[in-house]
Amino acid sequence: MSIQQSDVLYTAVATAENGRDGRVATDDGKLDVVVNPPKEMGGSSAGTNPEQLFAAAYSACFQGALGVVARQENADVSGSTVTAEVGVGRNDEGFGIIVKISATIPNVAAATARELVAKAHQVCPYSKATRGNITVDVVV
């Protein structure tokens, strides 16, 4: 379910110059990075790229959702990590992305870890935004 503008608690603002071969900065100056295509896509790899930025954001958001779920379930997720791998490649419409989310939760049983990750995938805003639009593989 989508939210209404009146429900927004925070809005991030970033501006890109020259697309994939330029610069991206937030309005508060906390993020200001050079972006370049990776070598695999004919670029210089001198800076970061949109896929790396998306992987960083998705993994942080998913880790946050995991924490929310863990608190609800009284589970210990301290020491856990979430890694997002974002692939980009050609599809019938030009280019598309695919994501793999990997979670490691050392302080719970494997079955509990799988349940927590499945629930986190249901509540994570990035997972909700991508659901039905791209392939997202979630593994523990």
Side-chain angles (χ1 to χ4, degrees):
M1 174 180 256
S2 61
I3 65 172
Q4 301 301 313
Q5 187 62 41
S6 61
D7 298 320
V8 172
L9 300 174
Y10 168 75
T11 300
V13 178
T15 301
E17 297 172 4
N18 297 321
R20 288 182 162 272
D21 206 0
R23 177 179 162 261
V24 176
T26 55
D27 64 336
D28 62 5
K30 292 182 181 177
L31 179 71
D32 189 340
V33 295
V34 171
V35 290
N36 300 112
K39 288 184 180 179
E40 296 85 350
M41 295 177 69
S44 68
S45 292
T48 189
N49 60 65
E51 291 71 35
Q52 289 174 322
L53 295 170
F54 186 65
Y58 200 162
S59 63
C61 187
F62 199 98
Q63 179 77 42
L66 181 62
V68 168
V69 169
R71 283 189 293 282
Q72 293 170 345
E73 302 289 326
N74 293 317
D76 180 8
V77 295
S78 60
S80 64
T81 60
V82 173
T83 301
E85 299 175 43
V86 176
V88 61
R90 293 192 181 277
N91 64 15
D92 293 340
E93 299 159 357
F95 287 89
I97 61 171
I98 187 169
V99 177
K100 178 181 176 184
I101 299 285
S102 304
T104 302
I105 310 172
N107 297 322
V108 300
T112 301
R114 284 190 295 275
E115 290 175 18
L116 292 171
V117 167
K119 289 179 180 179
H121 189 44
Q122 293 305 308
V123 301
C124 173
Y126 279 63
S127 292
K128 288 180 182 181
T130 59
R131 191 167 290 121
N133 296 310
I134 64 170
T135 299
V136 178
D137 185 26
V138 181
V139 297
V140 180

Over all atoms of both residues, closest heavy-atom pair of Gly19 and Val35 | O-CG2, 3.3 Å

Closest non-hydrogen atom pair between Lys119 and Val69, with its separation | CB-CG1, 3.7 Å

Arg114 and Val140: which non-hydrogen atoms are nearest, and at how many Å?
-> CA-CG2, 3.9 Å

Looking only at heavy atoms, which two atoms of Phe62 and Val117 are closest? And how far apart?
-> CZ-O, 3.6 Å

Can Ile134 be reached from Met41 by stepping across I, L, V, M, F, W or Y side chains whose heavy atoms are under 4.5 Å apart?
-> yes

Output, in order, the C-alpha distance, side-chain angles, deciding distance and verdict of side chain to side chain contact (heavy atoms under 4.5 Å, CB included) for Tyr126 and Val136.
-> CA-CA 10 Å; Tyr126 279 63; Val136 178; over 6 Å; no

Between atom CD of Glu51 and atom CD1 of Ile98, what is the distance when rounded to the nearest 0.5 Å?
-> 13.0 Å

Find out whether Val86 and Tyr58 are in side-chain contact, i.e. whether some heavy atom of one side chain is under 4.5 Å from a heavy atom of the other.
-> no

Not counting sequence neighbours, which residues clear side chain to side chain contact (heavy atoms under 4.5 Å, CB included) with Asp92? List them please.
-> none

In this structure, CG of Leu66 is separated from SG of Cys124 (nearest 0.5 Å) by 10.0 Å

Please name the residue in the list Ile105, Asn107, Thr112 that meets the side chain to side chain contact (heavy atoms under 4.5 Å, CB included) test with Asp76.
-> Asn107

Check: Asn36 side chain, Gly47 main-chain N or O, donor-acceptor pair, under 3.5 Å = yes

For residues Pro106 and Ser78, report the shortest heavy-atom separation together with the two atoms involved.
-> CG-O, 4.0 Å

Is there a side chain to side chain contact (heavy atoms under 4.5 Å, CB included) between Val82 and Ser59 once you walk through the steps?
-> CA-CA 6 Å; Val82 173; Ser59 63; 4.3 Å; yes

Does any N or O in the side chain of Arg131 come within less than 3.5 Å of the main-chain N or O of His121, such that one atom is a donor and the other an acceptor?
-> yes

Residues at least two apart in sequence or cross-chain that pass side chain to side chain contact (heavy atoms under 4.5 Å, CB included) with Lys39, listed by chain then number, are Ser45

Flag, side chain of Glu85 to backbone of Lys100, donor-acceptor distance under 3.5 Å | no

Between CD1 on residue Ile101 and OG1 on residue Thr130, distance to nearest 0.5 Å | 8.0 Å

Following the transitive rule for hydrophobic clusters with a side-chain heavy-atom cut-off under 4.5 Å over Ile, Leu, Val, Met, Phe, Trp and Tyr, establish whether Val108 and Val123 coincide in one cluster.
-> yes

Common cluster, Val99/Phe95, ILVMFWY with side-chain heavy-atom separation under 4.5 Å = yes

Minimal heavy-atom distance between Gln122 and Lys128, with the atoms involved, is O-CE, 3.2 Å

So how far is it from Arg23 CZ to Asp32 CG, rounded to the nearest 0.5 Å?
-> 4.0 Å

